[in-house]
Each structure stands twice: as structure tokens, then as C-alpha cells.
Amino acid sequence: MEKNTANNAPQGVYKRPSQAKEIWRRFKKSKGAVIGLIMLVAIALVLIIGPFLIPYDLATTNNYDFMLAKPSAEHIFGCDGFGRDIFARVVYGGRTSIAIAVLATISSCVVGSMLGAVAGFFGGKVDALIMRSLDIFMSVPDILFTMAVVYALGANFVNLLVALTLAYFTNYVRLVRSQVLTLSESDYVEAARAGGSGSMRIIMSHIIPNAVGVIIVNTTLNVAKIILYESTLSFLGLGMPPPAPEWGAMLAEAREFLRNAPHMMIFPASAIVLTACSVNLVGDGLRDALDPHLKS
Amino acid sequence: MDNNIVRTPLLETVDLQKYFKIGKNSYLHAVDGINLKLHAGETIGVVGESGCGKSTLGRTILKLIEPTGGKILYDGQDITKYKNSQMHPLRKEMQIIFQDPYSSIDPRKSVIEVIAEYMLIHKVYKTRAEAFNRAVQLMDMVGLARRYTNSYPHELDGGRRQRIGVARALSLNPRFIVCDEPVSALDVSIQAQILNLLMDLQEQLDLAYMFVTHDLSVVKHISDNIMVMYLGRCVELAPSDELFANPQHPYTKALLAAIPEPDLIRSRTKKLEVIRGEVTSPIDPKPGCRFAARCEHCDKCGGRCTESNPEFVEVSPGHFVSCFLVNDK
Amino acid sequence: MKTEELKSLNLQDTPGVPLLEIKNLRAIYKTDLETVEAVNGISLQINKGKTFGLVGETGAGKTTTALSILRLLPSTTGRILEGEILFNGTNLLELDEGVMRAVRGGLISMVFQDPMSALNPVYTVDEQIGEAIRLHNPDYTKEQVEDRVDEMLQLVGILPSRKHDYPHQFSGGMKQRVVIAMALCCEPHLLIADEPTTALDVTIQAQVLAMIRELRDRLGTAMLMITHDLGIVAQTCDDVGVMYAGEIVEAGTAEDIFLGKEHHPYTVGLFDSIPNLTSRATRLKPIPGLMPDPTNLPKGCVFAERCSHCMEICKTEHPKIYVNGTHKLCCHLFDDKLKQN
């Protein structure tokens, strides 16, 4: 009987209090964050469902009958200088823009976090080597750097990704390095060491789980930055090759028709602003929800 | 000594030193020539004020910090130069309980995960479930209710968290535990609970403790011997009762006098003896007695204490003092 | 302006009225999740020039009481529900915020536990003390302020030659002295010291305590000493209140608490928990269990759950206060005597 209870005990009482639930409760408290999340979900739905309803041709094929057409029931956002449907272009452009932004954020996060963790944990010469090379990267203005990379490699999806990753991974190196430095000083890491944990185990089971909150928040906020950044690049003509639609490139095209057809500017611009805004709002909400100091 | 059997001490340090380099030719003398012996089932109390090197001493003995000089002998083997891989099996035998029950536990692990962690590292059990079972038994042992098995540390109070720390330290069946101020972050009533728990466990498991603290009254109850440290050096080492009944070193006397006693008559009649000054810097200390700058008897030993370090002399069996004044007698 | 208003109010000494009197104070911290009942109807009196010691463990409500006196409870969560805090007969809770600001530092000052965070690291020590002086004495000339700074530093045992140093150049004990100098520079009538020596080493603690005692005797400042250490109480206090879970369970003169025969079981437990320097007992006698959850206090006596004398009535009915001269006890054990009176 006694043995039985001892055996069953861990299973019997094993009920994990849900951390996700707790984070959601705190996230909900911020109105801005909830609005941001709703907007983000709406945008995502449009971008996901849109292509099933709208043929890609509408976004890329010239149709001179509808040149600079004002918004109407047929073309709800109107048409551009080549008579292409702006709504279709916003949807397809958004897919590219956001895909690039998300992928670039993830890759810069992975590369940067790994380098940062290595630099912070091992310190000494490894740290110096990584951080000094980083200084070289950071001494060149981001936009110049990305432009140079895209020019050198040519403008396509993969190269854009590489350029944006190279411009952004530096943030993560510094962020993760500083996190690792503070966390490795903590008593519980010393306790793990006293228990015989090796470096790898300490990084995997103590440092990363504790640093992950900060990284998630930073990543969310970075997505918004990269969306703007990618738009800037395509505005400057360094985005996807035409006729593929892209938000920044659409703005560049709209410049010529600003007087006659302001809708060409308004819709892609609003799309950029709304997306960046909602991602930022969600990021802010997440930061507050994940910050243990604000736990009430 | 009348008995022929000389017991090998479980732990012995010989002239142990730890200097931290802080400048080009500048060193912080955190631990400076400490000799101590500790037998199984015994407790040595290490007492001193902040910055005297007592915590560094504990961590150096566990090789969490590499010693600068001297020797650490554990169960007869010299572990001073052991690498991490050589230390690994010894980690099971030598454990530490930390001062701050808040920072010493990973906030993202549940209670049972924290307690089972060491057992999983050392693969004491074949399966995770077995390790968790043992963790639950440990919880019973240290008096943590089973309903906290899956709580997160921030949901518990300081006393319960410290019990987690104790359970974790016990999980590998150690023989020696460094208790680094395990009760100073706790309230008095909880402090007494933890002290009693540590004493009970010692009796049951024949543990040896090195009890590091700034509070003399706490160690009195738990220690067989007490070592008083000042700026990296040991100024007095004596059996617990002897130290309180017959303190010799001026610093020990000052420490004892400074404890506010919860006794109205004594505290109203006793003249408050206050030693002047503050702890001097442990960075490149001047030769001589480290306490000289604050010692009121400094002039009585003819200035010797500022020139050379007083010897560590046995004034009565087991009672060692390092002070010229006492040595002269 | 503020100072004039302050003078017009009758906050100065009135013979026959205690300096500070708290009547049935209740304070809570309310968040959207829970309500922490931090202080539950405490009453106490501090007489002019006397030191009142408030003893208790973490979470007993000592600091909340102190912050309530200064009306410094965190504005988002803290709230005083009821009670009066009479300073020379005037209810501080009814003063307007402007006047209250002049009261803080001018008539009542507070010293916090951590001297490191009480000082601003970017100003020198004399600038910080000087600022406190100027704030309450706007008509002082530069020289007067400087003289006062020197005087204050000397008072707390710091050489005035070090006044241009920054806080980080001082050790912990010295910083606490600076903080005390700041608190005393406007000659407050009441000094609230919230665990002033907890962050310090024992020998330094002894120095600071000796200084506090000496200053109190010299300046005649009344003090509210908040501490968890009964030893400090024995050394410094005239009157004592033992706090537990937001209530004062026992109060009286120091003699009542340390030498009296009748005690609240919690006070007894507190004394038994302290490792005694003189006795040779090897085991301590801790109080079992933990303080009740302040968000969910028991209906009867707050100590009932941990009390070895717990009776049926303790679990259901809150005890009344039994007064024996200066000694007040809040425990059902004294119900018989209560009836006799």
C-alpha cells in the first residue's frame, strides 16, 4: 500500500500550472495588444484566403481599360498605371513582404542567438573575436549595407533574405550575449554546476529557457522593423523583380500618379502602416506579459 | 592523543589560498592561508562579516572556484588540481546549500524538476520516473508537502524554497555539504525550522557541514567547531562552547559584543562596546595582522602586528588563536 | 507657502496629547486579482521623545504601517480603508497633499533599510543633504545650508571634509549614516526607522545603533523603530508592539514584553526561535507552520493555526484586547481575566 502510493505519487500530483494561460491573462490586460492581435489575425486571414479568390493574373497582367481606375465595386482598391488591380497587388505583395520579413527575422534570430550564446558563455578570446567582427558589421549603416549586398548578389527572394539577415543578426548577438552573461552569474547556474552539470546542459536547460522571453519579444518587434525595411528596399528598386507586386515597389510606382490617383499610394501605404503597427502592438503586449518584474 | 587510530578527516585544507586578479599587479586576497579539518558527522562554523572571504572559501573547497594555492584533501585524496571531469563523481558527495532561496532556484523549473535535476545529471536512476519518485521522498524528508510537487518556485515562500534547496543538496546522498548562509534570508521562526531540519538530517545521515554565516548566534547551535575569519584569514578556531565561553582574539570579542541580545536587563546594563572603523580593503593587504587597523590593543604588542603576521597558536586543546597579545601569554 | 500652512495647522506640540496616535488603522493592497489585507485595525501611541519598537516577521505589516503614517503607500494598489493617524492631535489622513509633503521630512522622516538605494548616485553627499535642508527652509542662505550640512555630518560621525564625496565612495555603514543625517537635518519630531541596520554587518550595526541611541537622547526625537530583531528592540526601545499578520498581538513597555509574566503565544514563540547565546540547549523551538495568507486571513485569531494553546473559540472568534496596566494582549487565553476586569 505504502509502496504503491510512493510509486503513484508523482503521476498523481503531476499537474502543470499552465504558463501560457498566465501569459495570456496578462496579455489580455493591454487593450492595445488585443487590438493589435485582432488586426494581425485579420491581415493574416486576408493574405491567406485572398489568393484562393483572386487570380494572380489580376495582380500582374496589364489591363489598359482600367488604367488608374478609381476604387469601385469591381476593383475595390482601384487600379494602377497599368490597369492592375491594387487589391490583388496588395494581397500578393503582402505575402512576399511578410514572408521575407518573418523568414529574415527567424534566420537573423537563430544565427544571432547562437553567436551571442557562444560569445557570452565561453567569453575570453571567442567572445572578443565575435564581438569585434560584429563591430565591423555595425560600423556600416544598415541600409547601405543591405543595398550593397543586394546589388552585389542581385535582387531576388533568397538574396533579400540574406541581406536582411546580415543587417539584423547583430542585434541578437548583443542581446543574447548580455542575457547569457547575467544568467550565467546567477546562483541557480552555480547550483547546477555544483550538481555536476556541464556547459552544454547549463546552456540548454537553464540559460536558454530563461532568455527565451526576451528573445521572443525582440523578435516580434523586429518583424515590424523588417517589414518597413523590406518596403524601403523595394521602394528603392531593390526588391523582387517586376512585375511581382511588393508594397514598397507599389509606393514607388504610385509616386508618379500621386496627384491623379492618390488611391495608388493610400492602399499599399495603409497596408504597411497597419501591419507594422499591429505587430508592434502585439510585441509591446508580449513584452509586458512576459516580463516577470511586472507580474502582479 | 591516547587513541592509536588517527581518523582521516573527511575534508582538510592546507594553506588554501584564493586570490582574484583585479588589476595589473593587484590581487584581492579573498582566502589567504586557511587550514581546517572536518570529520564525518561534524559541523564547522565559519563566521565573519561580509567580504571576509567565507563564501569564497566554501566555493573554493567545492572547486566551483579554482584555488590559487594550497591543497584541498577530500577523504584523503588531493582534489586541488582535479579537472571538471574528475570532479564529476565527487559532486555526488560534496554539495552546497545557497544563501538566497530566491535566486538559487531556476524560476522556470517546477519543484520536482529542481529536486530531481542532480539525479538526472548523474543518471542515478534508469528512468525519469524513478528519479521523480525519489524526489518526492526527499520532499517528505525535508517537510515539503507533496501538493507543491508541480508548483513553480515563485509560488512558494522563502522557507519552503530553502527546503527545496536542502532537498536538492541531499538528492545525491552527499557526505559533505557547504551551507552558505542558508538561513540568513529567512525570518526567525522559519530560520529555527530550517536549522532544526539541518541538525536532524545530520544525525540521520551522518553528514558533515561547513556552515558559513555572519551570525554567531546561529552557528553556536549547530557547530562543533567555529572558525572566525577576518579578511581572508582565520583569526580564531575553537570548539563552539569554548569560543563563546572564552573568546581570545579581540575581533572575536568584538563580534560577540556586537550581537544585540534580546535581554532587556543585560542590554540596559551592558555598556555597548563598539569597535571603531570598518573592514579594510582585501586588495593587496599590508603585511601583518589584518585586524590591526581596528584593534584597540594594537599599541600593546609593540607594533609587531603591523610588521608580521601572528602565528596560529594553540592556547588550549583545539583552541587556536592568531594574535600577538594572546601568543605572548 | 507650504511651510507657512504647516505652521498654521496645529501640528506642533500639545501638552497631554501623544506625539503620534494610530487608531484602528486598516490598510490593504488591491490588485485586480487579489486583496492583500496588510494592516488590520492596529492602534498604537508614540509619546514625545520615546522610541516605539514594532517587531514582526516579513509580511506582518510593519512597513505598511510606516508608509501609511507618511501616506506613501503605492498609489496604484495601496489604500487606507479606515482609521486615524493623529499627529499632535491632527489627523494626517485628512491633510491635503501639499501640506503632507511639508510634513514628510519636516515633522516626520523615514530611514529605509537599504542605504544604497536611498541615495542618488550622481549627486555628492552634501548636495543631497543640502537639498533636503533647502526644501524645508527655502529662506536659508547658501552659507547657512552649508553650515547645517557640516553640522549634520559631524552629528552622525562623518568628517565634514568628506562631504564632497559621492555615495559610492562610502561604505554601507557610512551611507546609512548619511541617510540618517538627511532624515534628521530638519529636526523632525518623529523618525521612522525601517530596519535601519538589517543590511549592515554586526560590528557596523553596533556602531550605527549606538549612534542612533546617542542622537535620540541628544535631540529628543521620538522614534518608530521597525525591526525583526528582538535584540535591537531590547537595546533601543521604550515601548514595543509585536505585530503578526497585520495585527498588534501584544503591546506594552519594554519591561512588559521582556520581563512580564503574561505573553501572547506568538511572542513566546518568537523568543524561543532565537538562538540564545547564553543557554546550552541544542535544539531550537521554532513556531510550526507559516504566517497565514494575507489575502485570505482566518476568521478567528490570526495565530490560531500555529498556536500550541489553540482552543475551539480561537478558530471562530477574534479575541478581544486584554489590558493590564500598560500591557495589552490580544489572545483568548486571557478571556477569564478580561471578564474579571
Side-chain angles (χ1 to χ4, degrees), chain B residues 47-52 143 156-160 183-197 199-200 214-222 240-241 244-245 251 254-268 270-279 281 294, chain C residues 55-60 170-174 197 199-211 213-214 227-237 240 254-255 257-259 266 269-291 293 306:
Chain B
V47 187
E49 293 178 278
S50 50
C52 74
L156 306 184
D157 57 275
R160 290 217 175 88
V183 295
S184 56
L186 307 174
D187 275 318
V188 269
S189 70
I190 309 301
Q191 178 176 316
Q193 292 176 6
I194 299 287
L195 282 177
N196 278 352
L197 171 68
M199 282 154 87
D200 291 345
H214 67 275
D215 190 340
L216 261 172
S217 48
V218 165
V219 280
K220 177 176 192 263
H221 281 259
I222 196 164
S240 184
D241 290 336
F244 279 85
Y251 179 62
L255 264 186
L256 282 170
I259 302 172
E261 274 186 83
D263 183 319
L264 196 64
I265 298 170
R266 282 167 64 97
S267 70
R268 289 215 173 146
K270 189 172 79 175
K271 198 183 141 272
L272 198 60
E273 284 171 59
V274 174
I275 51 165
R276 63 196 156 124
E278 310 213 339
V279 179
S281 162
R294 295 175 80 184
Chain C
V55 213
E57 298 177 89
T58 319
F170 289 93
S171 62
M174 298 290 257
T197 57
L200 307 175
D201 274 322
V202 253
T203 57
I204 309 301
Q205 164 171 297
Q207 290 172 1
V208 172
L209 283 179
M211 185 199 80
R213 271 162 72 169
E214 195 201 313
T227 179
H228 65 273
D229 189 336
L230 282 165
I232 294 177
V233 175
Q235 277 194 0
T236 54
C237 299
V240 185
E255 284 80 3
I257 305 292
F258 286 90
L259 307 171
Y266 176 63
L270 213 51
F271 272 98
D272 284 345
S273 304
I274 308 171
N276 195 319
L277 283 182
T278 41
S279 90
R280 296 181 66 93
T282 48
R283 269 190 78 88
L284 300 164
K285 283 179 275 175
I287 310 171
L290 296 164
M291 200 179 283
D293 180 3
R306 302 173 76 183

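By convention in this document, chain letters (A, B, ...) are assigned in the order of the sequence lines, proteins followed by strands, and residues within each chain are numbered from 1.
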TODO: Could you tell me which portion of C/Gln205 (side chain, backbone, both or neither) has an atom closer than 4.5 angstrom to a non-hydrogen atom of chain B?
DONE: side chain
Task: Student check: side-chain heavy atoms of C/Arg306 and B/Ser189 closer than 4.5 Å - done: yes
Task: Region of C/Val233 in contact with chain B, defined by heavy-atom distances below 4.5 Å - done: neither
TODO: State which residue, out of C/Asp229, C/Ile257, C/Val240, fulfils the side chain to side chain contact (heavy atoms under 4.5 Å, CB included) condition with C/Val55.
DONE: C/Val240
TODO: Establish, from distance only, whether the side-chain atoms of C/Thr203 and C/Asp201 form a donor-acceptor pair under 3.5 Å.
DONE: no
TODO: Please look at C/Met291 and chain B and tell me whether the side chain, the backbone, both or neither of the residue comes under 4.5 angstrom of a heavy atom of that chain.
DONE: neither
TODO: Would you mind checking which part of B/Asp215 comes under 4.5 Å of any heavy atom in chain C, side chain (CB onward), backbone (N, CA, C, O), both or neither?
DONE: neither
TODO: Could you tell me which of C/Ser171, C/Gly173, C/Ser273, C/Gly289 has the largest number of non-hydrogen atom pairs under 4.5 Å with chain B?
DONE: C/Ser273
Task: Which portion of C/Leu259 sits near chain B, non-hydrogen atoms under 4.5 angstrom - done: side chain
Task: Shortest non-hydrogen contact from C/Ile204 toward B/Glu49 - done: N-OE2, 4.2 Å
TODO: Nearest 0.5 Å please: distance from the CG atom of B/Leu256 over to the OH atom of B/Tyr251.
DONE: 10.5 Å
Open item on the list: For B/Leu264, which atoms come within 4.5 Å of any heavy atom of chain C: side chain, backbone, both, or neither?
Closed with: both
Task: Distance (rounded to the nearest 0.5 Å) between C/Lys285 NZ and C/Ile274 CD1 - done: 12.0 Å
